[in-house]
Amino acid sequence: MKYDKFGPQKVVHVYNPKTNVKGFVVIDNTALGPGKGGIRMTPSVTPDEVFRLARTMTWKCALAELPFGGAKSGIVANDRELTLDRKEKIVREFSKELKNIVPEEYVAAPDMNMAGQEMKWFAEENGNMKACTGKPKEMGGIPHELGSTGLGVFHSGKIALEHMNRDMNDVTVAIEGFGNVGHFTAKFFEEAGANVVAASDSSGVIYNPEGLEYNKLKSTKDNQGAVTKHPSGKVLDNPKIFELDVDLLIPAAIPNVITSKNVDNVKADLIVEGANLPIPPGIEKKLHEKNVLVVPDFVANAGGVISSYVEYKGGDADEMFEMVPRKIEKNTQLVLERSERTGNYPRKEALEIAQERVLEKCDFCGED
Ligand code: NAD
């Protein structure tokens with residue numbers, strides 16, 4: 001774990017030898033508010049991995065101007081081997097062990113192998129509904145199925161296109177991944193007039209330069225399990241999506257998809273990152289030098305945590321649909337304008353803005 005002037009402020013290890021529940025919470029920085037971040041349950045999760053994710057949350061919340069710091073937690077367990085009863089015991093035990101820091105210093109959320117049911121157990125055990133977000137609707141939760149992250153990715157892309165003086169109606173889009181983030185992003189772009197010509201999932205890429213209709217694509221995925229079963233278009237191998245002749249590329253599935261191996265084959269001149277770290281920072285810099293505009297992940301995909309904030313303060317879906325576009329548009333614009341002024345690539349500027357906001361309120365941060 002790398003310690004620096006921002007944090008991590010607190011690392012809590014949980015181990016109960018009697019129940020054999022193991023986990024940890026990394027609270028990276030709470031200058032702007034309680035640390036916000038999901039609970040990841042995997043057999044291999046480590047404090048280092050959780051620290052890196054907590055640090056990303058510090059910057060994402062600061063950039064989205066939310067009264068949250070950054071945090072994350074991990075429970076070491078193999079979800080596939082657990083009975084529902086055992087999983088409930090683990091989540092409740094974890095919550096009980098964290099009562100002295102939740103929700104004052106840490107507000108939880110779902111991450112890998114965690115969803116509404118688990119958040120219900122976590123909040124019930126804590127006794128405070130502010131203990132976590134991502135709760136079921138009947139507990140005041142704002143469902144993931146409303147597509148807050150995809151909504152934000154779309155609005156970030158819209159601002160970037162305006163920044164480039166491009167007309168949405170002339171834009172072709174390719175979207176890697178057709179899960180929660182990817183399919184909502186496709187829907188919002190199509191509704192705004194763009195032409196979504198390629199989409200992919202783990203089965204491969206479907207590409208039709210004439211356009212893929214969102215409704216057809218969604219029903220193909222829902223009924224046949226793969227976008228490649230779409231009735232019209234060419235099926236390509238997954239990596240080919242990053243080399244298509246399109247205006248806008250949206251990676252929305254897995255990390256490290258544009259690397260030194262394929263960066264020279266990218267034809268799009270705008271990339272909006274829906275997934276986390278789809279491009280290593282050094283490669284983003286190279287794309288910037290080649291005049292490809294890249295809107296970084298923690299600027300574009302903050303819709304989910306903005307929705308969490310609405311839930312945390314007791315708001316509803318209408319408020320989420322108003323707040324996500326407003327915040328994402330404002331901060332995308334800020335990052336792109338600053339990048340244009342300084343000549344630095346957008347991730348560098350976004351990071352500096354987030355750090356300035358944290359340092360301004362941080363009375364415990366160290367010196368350089
Ligand atoms: P998801 O599980 O709902 O969907 C993932 C999609 O990616 C699926 O369609 C899957 O088939 C596809 N996929 C898997 N491997 C692929 C490959 N090699 N090539 C192309 N497609 C592939 O996940 P999600 O919630 O949509 O998240 C996608 C990414 O966005 C992740 O990196 C996640 O960390 C990030 N993210 C998600 C949210 C959110 O609110 N869901 C918020 C911020 C960031």
Side-chain angles (χ1 to χ4, degrees), residues 36-40 42 45 49-50 52-53 56-57 59-61 63-64 66 70 72 79 109-116 119 133-134 141-156 174-188 198-207 214 217-218 220-222 224-230 235-244 249-259 262 271-280 295-311 320 324 327-328:
K36 183 83 186 78
I39 305 173
R40 166 167 295 198
T42 63
V45 64
E49 173 186 347
V50 167
R52 283 195 299 275
L53 296 161
T56 303
M57 288 304 292
W59 306 144
K60 193 182 285 198
C61 293
L63 202 81
L66 299 174
K72 200 86 182 184
D79 177 66
D111 192 75
M112 285 162 79
N113 297 317
M114 292 278 140
M119 292 305 105
T133 58
I142 299 183
H144 198 55
E145 290 72 29
L146 295 175
S148 52
T149 303
L151 178 68
V153 172
F154 161 70
H155 280 276
S156 194
I175 301 178
E176 176 235 21
F178 205 69
N180 182 273
V181 178
H183 91 81
F184 277 108
T185 304
K187 174 175 182 280
F188 292 122
S200 69
D201 60 15
S202 47
S203 73
V205 181
I206 183 83
Y207 172 52
Y214 170 78
L217 208 49
K218 181 77 169 73
T220 307
K221 175 77 180 165
D222 290 347
Q224 300 183 63
V227 290
T228 46
K229 300 264 166 67
H230 187 273
V235 175
L236 308 171
D237 288 342
N238 271 322
K240 289 286 171 213
I241 197 161
F242 305 106
E243 302 180 9
L244 291 175
L249 258 182
I250 303 191
I254 56 173
N256 292 322
V257 287
I258 300 178
T259 63
N262 61 356
I271 301 175
V272 180
E273 298 181 345
N276 290 321
L277 279 181
I279 312 175
V295 184
D297 45 13
F298 69 100
V299 179
N301 73 18
V305 72
I306 298 171
S307 170
S308 297
Y309 170 59
V310 175
E311 174 179 333
M320 181 279 282
V324 169
K327 280 187 174 290
I328 297 270

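Computed from a predicted model, the values in this text were never measured in an experiment. Each ligand, and each atom within it, is numbered from 1 in the order the structure gives. Residues take their numbers from the sequence shown, with the count starting at 1.
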Working to the nearest 0.5 angstrom, can you tell me the gap between N276 CG and T56 OG1? 7.0 Å

Point-to-point distance, once rounded to the nearest 0.5 Å, from CD1 of I250 to CG of N301: 11.5 Å

Using 0.5 Å steps for rounding, measure from the NZ atom of K36 to the OH atom of Y309. 12.5 Å

Protein residue, atom and distance nearest to atom 7 (O) of ligand 1, heavy-atom basis: A253 CB, 3.3 Å

A student comparing A252, G182, G179 should find that the heavy atom closest to atom 28 (C) of ligand 1 comes from A252

Applying a 4.0 Å heavy-atom criterion (strictly less than), which segment of N276 is in contact with ligand 1: side chain, backbone, both, or neither? both

Can you give the donor-acceptor pairs under 3.5 Å from side chains of residues 200-207 to other protein atoms, not counting sequence neighbours?
| residue | atom | partner | partner atom | Å |
| --- | --- | --- | --- | --- |
| S200 | OG | G177 | N | 3.1 |
| D201 | OD1 | S203 | N | 2.8 |
| D201 | OD1 | S203 | OG | 2.5 |
| D201 | OD2 | K221 | NZ | 2.9 |
| D201 | OD2 | V227 | N | 2.9 |
| S203 | OG | T228 | OG1 | 2.8 |

Min heavy-atom dist H144 to ligand 1 below 4.0 Å: yes

Could any protein non-hydrogen atom be found less than 4.0 Å from atom 2 (O) of ligand 1? no

Of the listed options (I175, D237, D111, D201), which comes nearest to atom 22 (C) of ligand 1 when hydrogens are ignored and any heavy atom counts? D201

Protein heavy-atom partner closest to atom 18 (N) of ligand 1 - residue, atom, separation in Å: I254 CD1, 3.5 Å

If you count the non-hydrogen atoms of other residues, nucleotides and ligands that lie under 6.0 Å from CG in D222, is the total more than 12? yes

I'd like to know if the side chain of E176 and the backbone of P251 have a donor-acceptor N/O pair within less than 3.5 Å. no

Test your reading of the model: is there a side-chain donor-acceptor pair from N262 to the backbone of F242, 3.5 Å cut-off? no

Should you measure from each heavy atom of A275, which atoms of ligand 1 turn up under 4.0 Å away? 29 (C), 30 (O), 32 (O), 35 (C)

closest protein heavy atom to atom 39 (C) of ligand 1 is T149 OG1, 3.5 Å

Looking only at heavy atoms, is any part of N238 under 4.0 Å from ligand 1, and if so is it the side chain, the backbone, or both, or is it neither? side chain

What is the nearest protein non-hydrogen atom to atom 10 (C) of ligand 1, stated with its residue, atom name and distance? S202 N, 4.1 Å

I241 and ligand 1 - part of the residue with a heavy-atom distance under 4.0 Å: neither

For the backbone of G134 and the side chain of E311, can you confirm whether one donor and one acceptor N or O come within less than 3.5 Å of each other? yes

Which residue holds the protein heavy atom closest to atom 23 (O) of ligand 1, what is that atom called, and what is the gap in Å? N180 N, 4.5 Å

Which word best sums up how the rings of H183 and Y214 line up, parallel for under 30°, tilted for 30 to 60°, or perpendicular for over 60°? parallel

